Amino acid sequence: MLASRGGDERAFEELYRHFHARLARFLINLTRRPQVVEEVLNDTMIAVWEKPASFRGASKLSTWIFGIAYRKAMKALRKVDDPVEYRPVDSPDEDSVSSDEAIWRGQRERLLLEAMQQLSADHRAVVDLTYFHEMGYREIAEIMACPVDTVKTRMFHARRHLKRLMSGGSAEWL
(Lines give C-alpha, C1' and ligand atoms only; values in the text may rest on other atoms or scores of the structure.)
Protein backbone atom coordinates (compact mmCIF):
# COMPACT_ATOMS: atom_id res chain seq x y z
CA MET A 1 0.00 0.00 0.00
CA LEU A 2 2.84 2.37 0.79
CA ALA A 3 4.35 1.88 -2.65
CA SER A 4 1.02 2.31 -4.41
CA ARG A 5 0.51 5.57 -2.49
CA GLY A 6 3.54 6.86 -4.34
CA GLY A 7 1.96 5.96 -7.67
CA ASP A 8 3.74 2.63 -8.13
CA GLU A 9 1.47 0.83 -10.60
CA ARG A 10 3.10 -2.56 -10.05
CA ALA A 11 2.53 -2.33 -6.31
CA PHE A 12 -1.10 -1.45 -6.95
CA GLU A 13 -1.48 -4.37 -9.36
CA GLU A 14 -0.15 -6.68 -6.65
CA LEU A 15 -2.59 -5.18 -4.14
CA TYR A 16 -5.42 -5.67 -6.66
CA ARG A 17 -4.50 -9.32 -7.23
CA HIS A 18 -4.19 -9.91 -3.49
CA PHE A 19 -7.72 -8.68 -2.76
CA HIS A 20 -9.55 -9.60 -5.98
CA ALA A 21 -10.73 -13.13 -5.05
CA ARG A 22 -11.70 -12.21 -1.48
CA LEU A 23 -13.61 -9.13 -2.59
CA ALA A 24 -15.31 -10.99 -5.43
CA ARG A 25 -16.54 -13.68 -3.05
CA PHE A 26 -17.75 -11.11 -0.53
CA LEU A 27 -19.52 -9.07 -3.21
CA ILE A 28 -21.25 -12.03 -4.88
CA ASN A 29 -22.54 -13.20 -1.51
CA LEU A 30 -23.62 -9.67 -0.62
CA THR A 31 -25.20 -8.55 -3.87
CA ARG A 32 -26.29 -11.88 -5.41
CA ARG A 33 -25.82 -10.15 -8.75
CA PRO A 34 -22.85 -11.44 -10.74
CA GLN A 35 -23.20 -8.62 -13.27
CA VAL A 36 -22.64 -6.05 -10.49
CA VAL A 37 -19.66 -7.71 -8.78
CA GLU A 38 -16.89 -6.79 -11.20
CA GLU A 39 -18.11 -3.21 -11.50
CA VAL A 40 -18.27 -2.74 -7.73
CA LEU A 41 -14.92 -4.46 -7.27
CA ASN A 42 -13.30 -2.19 -9.87
CA ASP A 43 -14.96 0.91 -8.39
CA THR A 44 -13.58 -0.13 -5.00
CA MET A 45 -10.06 -0.53 -6.28
CA ILE A 46 -10.26 2.74 -8.24
CA ALA A 47 -11.14 4.47 -4.97
CA VAL A 48 -8.13 2.80 -3.34
CA TRP A 49 -5.90 4.00 -6.20
CA GLU A 50 -7.29 7.54 -6.36
CA LYS A 51 -7.50 8.23 -2.63
CA PRO A 52 -4.75 6.26 -0.89
CA ALA A 53 -4.26 9.08 1.61
CA SER A 54 -7.69 8.32 3.08
CA PHE A 55 -6.17 5.13 4.53
CA ARG A 56 -4.63 6.46 7.73
CA GLY A 57 -3.66 3.13 9.24
CA ALA A 58 -6.21 3.30 12.06
CA SER A 59 -7.48 -0.12 10.94
CA LYS A 60 -6.18 -3.02 8.92
CA LEU A 61 -5.85 -2.39 5.20
CA SER A 62 -8.34 -5.18 4.48
CA THR A 63 -10.89 -3.53 6.79
CA TRP A 64 -10.56 -0.24 4.93
CA ILE A 65 -10.87 -1.90 1.50
CA PHE A 66 -13.81 -4.12 2.52
CA GLY A 67 -15.52 -1.02 3.95
CA ILE A 68 -15.22 0.75 0.60
CA ALA A 69 -16.52 -2.37 -1.18
CA TYR A 70 -19.45 -2.68 1.23
CA ARG A 71 -20.54 0.93 0.75
CA LYS A 72 -20.19 0.74 -3.04
CA ALA A 73 -22.13 -2.55 -3.13
CA MET A 74 -24.97 -1.15 -1.04
CA LYS A 75 -25.13 1.88 -3.36
CA ALA A 76 -25.23 -0.43 -6.39
CA LEU A 77 -27.99 -2.53 -4.81
CA ARG A 78 -30.16 0.55 -4.38
CA LYS A 79 -29.88 1.18 -8.14
CA VAL A 80 -30.57 -2.40 -9.29
CA ASP A 81 -33.66 -4.44 -8.63
CA ASP A 82 -33.57 -7.11 -11.33
CA PRO A 83 -33.96 -10.82 -10.45
CA VAL A 84 -30.79 -12.83 -10.33
CA GLU A 85 -29.67 -16.41 -10.65
CA TYR A 86 -27.18 -17.11 -7.90
CA ARG A 87 -24.16 -19.36 -8.36
CA PRO A 88 -21.83 -19.54 -5.34
CA VAL A 89 -18.13 -18.92 -5.84
CA ASP A 90 -16.12 -22.13 -5.49
CA SER A 91 -13.74 -22.38 -2.56
CA PRO A 92 -10.16 -23.35 -3.11
CA ASP A 93 -9.33 -26.90 -2.03
CA GLU A 94 -7.22 -27.27 1.07
CA ASP A 95 -4.56 -29.97 1.03
CA SER A 96 -4.44 -30.07 4.81
CA VAL A 97 -7.91 -31.59 5.33
CA SER A 98 -9.06 -35.14 4.70
CA SER A 99 -11.31 -35.79 1.73
CA ASP A 100 -14.27 -36.67 4.00
CA GLU A 101 -13.79 -33.48 5.97
CA ALA A 102 -13.45 -31.48 2.74
CA ILE A 103 -16.70 -33.00 1.43
CA TRP A 104 -18.53 -32.24 4.68
CA ARG A 105 -17.14 -28.70 4.74
CA GLY A 106 -18.20 -28.20 1.11
CA GLN A 107 -21.73 -29.43 1.85
CA ARG A 108 -22.03 -27.16 4.89
CA GLU A 109 -20.78 -24.20 2.91
CA ARG A 110 -23.19 -24.89 0.02
CA LEU A 111 -26.14 -25.22 2.43
CA LEU A 112 -25.13 -22.03 4.18
CA LEU A 113 -24.76 -20.10 0.92
CA GLU A 114 -28.18 -21.30 -0.26
CA ALA A 115 -29.81 -20.33 3.04
CA MET A 116 -28.02 -16.96 3.06
CA GLN A 117 -29.94 -15.98 -0.06
CA GLN A 118 -33.02 -15.59 2.15
CA LEU A 119 -31.29 -12.96 4.33
CA SER A 120 -31.16 -9.20 3.89
CA ALA A 121 -27.98 -7.70 2.41
CA ASP A 122 -26.80 -6.47 5.83
CA HIS A 123 -27.34 -9.90 7.42
CA ARG A 124 -25.58 -11.61 4.48
CA ALA A 125 -22.64 -9.24 4.87
CA VAL A 126 -22.24 -10.00 8.58
CA VAL A 127 -22.41 -13.77 8.03
CA ASP A 128 -20.10 -13.66 5.01
CA LEU A 129 -17.45 -11.54 6.74
CA THR A 130 -17.59 -13.71 9.87
CA TYR A 131 -17.60 -17.19 8.35
CA PHE A 132 -15.85 -16.75 5.00
CA HIS A 133 -13.39 -13.97 5.82
CA GLU A 134 -12.89 -14.79 9.52
CA MET A 135 -13.33 -11.21 10.67
CA GLY A 136 -14.28 -10.17 14.18
CA TYR A 137 -17.26 -8.04 15.10
CA ARG A 138 -15.18 -4.89 15.63
CA GLU A 139 -13.68 -5.14 12.18
CA ILE A 140 -17.10 -5.84 10.64
CA ALA A 141 -18.56 -2.84 12.48
CA GLU A 142 -15.83 -0.69 10.98
CA ILE A 143 -16.50 -2.04 7.49
CA MET A 144 -20.25 -1.52 7.80
CA ALA A 145 -19.88 1.83 9.60
CA CYS A 146 -22.14 0.81 12.46
CA PRO A 147 -21.75 0.03 16.19
CA VAL A 148 -20.44 -3.37 17.28
CA ASP A 149 -23.75 -4.04 19.02
CA THR A 150 -25.54 -3.60 15.69
CA VAL A 151 -23.27 -6.23 14.15
CA LYS A 152 -23.99 -8.56 17.07
CA THR A 153 -27.74 -8.01 16.69
CA ARG A 154 -27.58 -8.64 12.94
CA MET A 155 -25.59 -11.82 13.54
CA PHE A 156 -28.08 -13.00 16.16
CA HIS A 157 -31.03 -12.52 13.80
CA ALA A 158 -29.13 -13.96 10.82
CA ARG A 159 -28.18 -17.11 12.77
CA ARG A 160 -31.70 -17.55 14.04
CA HIS A 161 -33.08 -17.24 10.52
CA LEU A 162 -30.42 -19.56 9.09
CA LYS A 163 -31.13 -22.22 11.73
CA ARG A 164 -34.78 -22.16 10.72
CA LEU A 165 -33.85 -22.53 7.06
CA MET A 166 -31.27 -25.27 7.50
CA SER A 167 -32.43 -28.70 8.54
CA GLY A 168 -31.26 -30.88 11.43
CA GLY A 169 -27.58 -31.28 12.20
CA SER A 170 -26.48 -28.89 9.46
CA ALA A 171 -27.47 -25.90 11.55
CA GLU A 172 -25.73 -27.06 14.73
CA TRP A 173 -22.36 -25.54 13.73
CA LEU A 174 -23.80 -22.02 13.25
Side-chain angles (χ1 to χ4, degrees), residues 1-92 109 112-113 115-158 162:
M1 182 62 186
L2 292 176
S4 70
R5 274 188 178 178
D8 184 340
E9 289 183 26
R10 285 191 175 192
F12 180 74
E13 287 173 12
E14 186 176 325
L15 185 69
Y16 186 95
R17 279 192 300 275
H18 178 75
F19 281 100
H20 186 273
R22 290 175 61 201
L23 285 172
R25 180 185 184 121
F26 170 66
L27 291 169
I28 191 65
N29 287 336
L30 178 63
T31 65
R32 299 180 304 176
R33 288 168 172 78
Q35 71 276 15
V36 172
V37 171
E38 203 61 35
E39 180 181 343
V40 171
L41 197 150
N42 287 333
D43 287 349
T44 299
M45 294 311 288
I46 287 170
V48 169
W49 173 255
E50 290 178 345
K51 298 181 183 181
S54 65
F55 176 64
R56 293 180 180 83
S59 65
K60 294 191 314 188
L61 178 62
S62 61
T63 303
W64 179 66
I65 292 174
F66 271 82
I68 294 169
Y70 173 77
R71 287 185 294 283
K72 292 202 175 284
M74 296 308 286
K75 186 176 180 179
L77 283 176
R78 285 190 293 273
K79 293 179 183 177
V80 180
D81 64 347
D82 58 329
V84 67
E85 178 183 330
Y86 175 73
R87 286 181 225 118
V89 176
D90 293 331
S91 299
E109 186 174 318
L112 177 60
L113 288 170
M116 282 174 61
Q117 299 316 302
Q118 304 294 321
L119 301 177
S120 70
D122 285 333
H123 289 152
R124 278 195 312 275
V126 170
V127 171
D128 187 78
L129 291 169
T130 300
Y131 288 108
F132 299 116
H133 298 281
E134 299 176 356
M135 293 183 183
Y137 289 162
R138 289 188 194 284
E139 192 172 2
I140 295 169
E142 205 169 318
I143 288 168
M144 298 180 77
C146 66
V148 173
D149 286 341
T150 301
V151 173
K152 290 177 182 178
T153 300
R154 288 176 181 166
M155 180 58 85
F156 171 80
H157 290 292
L162 288 170

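Starting from 1, each residue takes its place in the sequence as its number. Note that this is a predicted model, so its numbers are computed, not measured.
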Step-by-step side-chain contact (heavy atoms from CB on, under 4.5 Å) determination, M116 to F132: CA-CA 12 Å; M116 282 174 61; F132 299 116; 3.9 Å; yes

Could you tell me whether the side chains of E38 and H20 share a donor-acceptor contact shorter than 3.5 Å? yes

Output, in order, the C-alpha distance, side-chain angles, deciding distance and verdict of side-chain contact (heavy atoms from CB on, under 4.5 Å) for V48 and F12. CA-CA 9 Å; V48 169; F12 180 74; 4.1 Å; yes

How many angstroms lie between CD1 in I140 and OG1 in T130, if you round to the nearest 0.5 Å? 3.0 Å

Could you tell me whether a side-chain N or O of R154 sits under 3.5 Å from a main-chain N or O of D122, the two making a donor and an acceptor? no

Please round to the nearest 0.5 Å and tell me the distance separating atom CZ of R25 and atom CG of L30. 13.5 Å

Closest non-hydrogen atoms of V127 and A158, given as atom of the first, atom of the second and distance, are CG2-CB, 3.6 Å

Parallel, tilted or perpendicular: which one describes the rings of F26 and Y70, with boundaries at 30° and 60°? tilted

Would K72 and D43 pass as an ion pair if we require N to O under 4.0 Å? no

Hey, does R22 have a side-chain heavy atom less than 4.5 Å from the side chain of F66? yes

Roughly how far, to the nearest 0.5 Å, is CG of L129 from OG of S62? 10.0 Å

Would you find a donor on one side and an acceptor on the other, under 3.5 Å apart, between the side chain of T63 and the backbone of S59? no

Determine, step by step, whether F19 and L61 satisfy the side-chain contact (heavy atoms from CB on, under 4.5 Å) criterion, reporting the C-alpha distance in whole Å, the side-chain angles of both residues, the deciding distance to 0.1 Å, and the verdict. CA-CA 10 Å; F19 281 100; L61 178 62; 4.2 Å; yes

Testing the basics here: between V40 and A73, what is the closest heavy-atom pair and its distance to 0.1 Å? CG1-N, 3.7 Å

Mind running side-chain contact (heavy atoms from CB on, under 4.5 Å) on M144 and V126 for me, showing each step along the way? CA-CA 9 Å; M144 298 180 77; V126 170; 3.6 Å; yes

Closest non-hydrogen atoms of A121 and L77, given as atom of the first, atom of the second and distance, are CB-CD1, 3.9 Å

Heavy-atom donor-acceptor pair, D128 side chain to R124 backbone, under 3.5 Å: no

Distance from K79 atom NZ to M74 atom CE, nearest 0.5 Å? 13.5 Å

What is the distance from atom CH2 of W49 to atom CG of N42, rounded to the nearest 0.5 Å? 14.5 Å

Ignoring hydrogens, what is the shortest heavy-atom contact between A76 and V36? Give both atom names and the distance. CB-CG1, 3.8 Å

Do the side chains of H123 and F156 get nearer than 4.5 Å, heavy atoms only? no

State the CE-OH distance between M155 and Y137, to the nearest 0.5 angstrom. 4.5 Å

Closest heavy-atom pair and its distance - L23, A69: CD2-CB, 3.8 Å

Would you say the side chain of M135 lies within less than 4.5 Å of the side chain of I143, judging by non-hydrogen atoms? yes

Do other residues, nucleotides or ligands put more than 12 heavy atoms under 6.0 Å from E13 CD? yes

